[in-house]
Amino acid sequence: MNFLFYGLIGGIFVVVKLALRSAETSDLLFLLRPLDWLVGLLTGVSGVYVVGQGFVHEGLGAVIDKSCAGANFALICFVMLAWLGVRELKSGLGKAASLGVALVVGYLTAIVTSAARIYVTLTVHRLTVNLVPASWERPLHLAMGTAVYLFFLIAIYWLALWCLNRRIKDEKPA
């Protein structure tokens with residue numbers, strides 16, 4: 001039965017990935033609005049949505065746009081959590097429910113993780129603006145983003161595995 005769930009997960013991945021290729025910033029407002037709100041909460045600087053650009057934070061010198069939305073991270077997180085749920089849970093209903101849980105957790109985790117990535121990037125930039133050559137800004141920005149996303153992905157994996165193992169251990173045999 002697992003192969004049906006894995007096929008569904010793979011199908012969802014392909015469809016969403018294809019949709020993201022042609023998505024504009026306005027198509028990702030379901031991620032960008034809460035992300036902008038959280039970044040504003042962390043930095044104390046509110047963003048203003050500008051059509052075609054994203055959320056402009058003049059006080060930070062930053063624009064939160066499609067590339068900041070965390071859509072790919074949400075998708076990776078969903079696939080990882082759904083796969084883990086299907087692998088670890090025994091009942092078909094539990095496996096099906098794990099897809100819904102993975103969707104919600106992937107969405108919420110993407111918002112929190114993207115906000116953390118933006119906050120870390122802004123903070124490091126502010127602290128190193130006069131210390132790092134301008135040619136290093138983009139590679140440093142990408143490296144910090146990768147490190148934050150990888151940290152959160154590994155942490156979510158281990159937390160989910162721990163929760164699933166506790167749930168499975170606490171289940172009583174029928």
Side-chain angles (χ1 to χ4, degrees), residues 1-42 47 49 51 54-55 63-121 141-174:
M1 174 172 35
N2 283 359
F3 72 91
L4 293 172
F5 286 106
Y6 293 145
L8 179 60
I9 294 165
I12 291 169
F13 174 83
V14 169
V15 168
V16 172
K17 194 65 180 154
L18 289 173
L20 287 175
R21 290 179 72 190
S22 61
E24 300 293 329
T25 298
S26 60
D27 298 323
L28 298 175
L29 287 175
F30 70 98
L31 284 167
L32 289 169
R33 283 192 200 284
L35 174 58
D36 178 67
W37 175 82
L38 193 51
V39 168
L41 191 67
L42 291 171
Y49 181 70
V51 176
F55 288 90
V63 177
I64 298 175
D65 62 8
K66 175 184 173 180
S67 66
C68 303
N72 285 312
F73 181 82
L75 183 58
I76 291 168
C77 197
F78 162 76
V79 169
M80 178 190 71
L81 292 172
W83 201 278
L84 194 58
V86 168
R87 188 187 79 192
E88 296 294 323
L89 297 172
K90 306 294 181 236
S91 74
L93 184 60
K95 292 172 189 297
S98 74
L99 299 183
V101 170
L103 183 66
V104 171
V105 172
Y107 171 75
L108 295 174
T109 301
I111 293 167
V112 170
T113 303
S114 295
R117 181 188 58 80
I118 291 167
Y119 183 75
V120 166
T121 300
H141 177 90
L142 294 174
M144 285 183 294
T146 300
V148 170
Y149 278 136
L150 186 59
F151 171 80
F152 273 87
L153 195 62
I154 292 169
I156 292 299
Y157 174 83
W158 285 111
L159 180 61
L161 190 59
W162 179 79
C163 290
L164 285 167
N165 285 331
R166 282 194 52 134
R167 184 183 187 297
I168 291 166
K169 187 178 84 176
D170 292 342
E171 283 182 357
K172 298 195 182 349

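Note that the numbering runs from 1 along the sequence shown for the chain.
Closest approach of L89 and G94 over heavy atoms only: CD1-O, 3.2 Å. Contact record, C68 with V63: SG-O, 3.9 Å, taken as the closest heavy-atom pair. In this structure, L28 and A71 approach most closely via the heavy-atom pair CD2-CB, 4.4 Å. Across every non-hydrogen atom of A74 and A110, the tightest pair is CB-CB, 3.5 Å.
Counted within 6.0 Å of CZ on F151, heavy atoms from surrounding residues, nucleotides or ligands total 12 or fewer; the atom is thus considered open.
Residue I156 holds its CD1 atom at 11.5 Å from CG of L84, rounded to the nearest 0.5 Å. In this structure, T109 OG1 and F152 CZ are separated by 9.0 Å, a value rounded to the nearest 0.5 Å. The distance from the CE atom of M80 to the CZ atom of F73 is 7.0 Å, given to the nearest 0.5 Å. Between the CG atom in L32 and the CG atom in D65 there is a gap of 7.5 Å [rounded to 0.5 Å]. A distance of 10.5 Å separates SG of C77 from CG of L103, quoted to the nearest 0.5 Å. Taking CG of L31 as the reference point, atom CD1 of I64 lies at 12.0 Å (rounded to 0.5 Å).
Residues forming a side-chain contact (heavy atoms from CB on, under 4.5 Å) with I154 (at least two apart in sequence, or on another chain): L150, W158. Shown here are the ring pair (Phe, Tyr, Trp, His ring centres under 6.0 Å) partners of Y49, two or more places apart in sequence or in another chain: F55. Listed by chain and number, the residues in a side-chain contact (heavy atoms from CB on, under 4.5 Å) with V16 are I12, L20, L75 (sequence neighbours excluded). For L159, the side-chain contact (heavy atoms from CB on, under 4.5 Å) partners at least two apart in sequence or on another chain are W162, C163. In terms of the side-chain hydrogen bond (donor to acceptor under 3.5 Å, both in side chains) criterion, residue partners of K95 (sequence neighbours excluded) are, by chain and number, N2. Not counting sequence neighbours, F78 has no partner by the ring pair (Phe, Tyr, Trp, His ring centres under 6.0 Å) test. In this structure, S91 has no side-chain hydrogen bond (donor to acceptor under 3.5 Å, both in side chains) partners at least two apart in sequence or on a different chain.
Judged as a side-chain hydrogen bond (donor to acceptor under 3.5 Å, both in side chains), not a single pair has a partner in residues 23-33 (not counting sequence neighbours). The side-chain hydrogen bond (donor to acceptor under 3.5 Å, both in side chains) analysis of residues 6-21, with sequence neighbours excluded, yields the pairs K17-N72. Applying the ring-ring contact (aromatic ring centres under 6.0 Å, His included) test to residues at least two apart or on different chains, none of the pairs has a partner in residues 91-116. Contacts classified as side-chain hydrogen bond (donor to acceptor under 3.5 Å, both in side chains) and involving residues 141-151 (residues at least two apart or in different chains) are given here: S114-Y149, R117-Y149.
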Distance-only donor-acceptor pairs under 3.5 Å for side chains of residues 34-41, two or more places apart:
| from | atom 1 | to | atom 2 | distance (Å) |
| --- | --- | --- | --- | --- |
| D36 | OD1 | H57 | NE2 | 2.4 |

Full working for side-chain contact (heavy atoms from CB on, under 4.5 Å) between L8 and L4: CA-CA 6 Å; L8 179 60; L4 293 172; over 6 Å; no
When you look at E88 and L161, which way does the side-chain contact (heavy atoms from CB on, under 4.5 Å) test go after all the steps? CA-CA 8 Å; E88 296 294 323; L161 190 59; 4.1 Å; yes
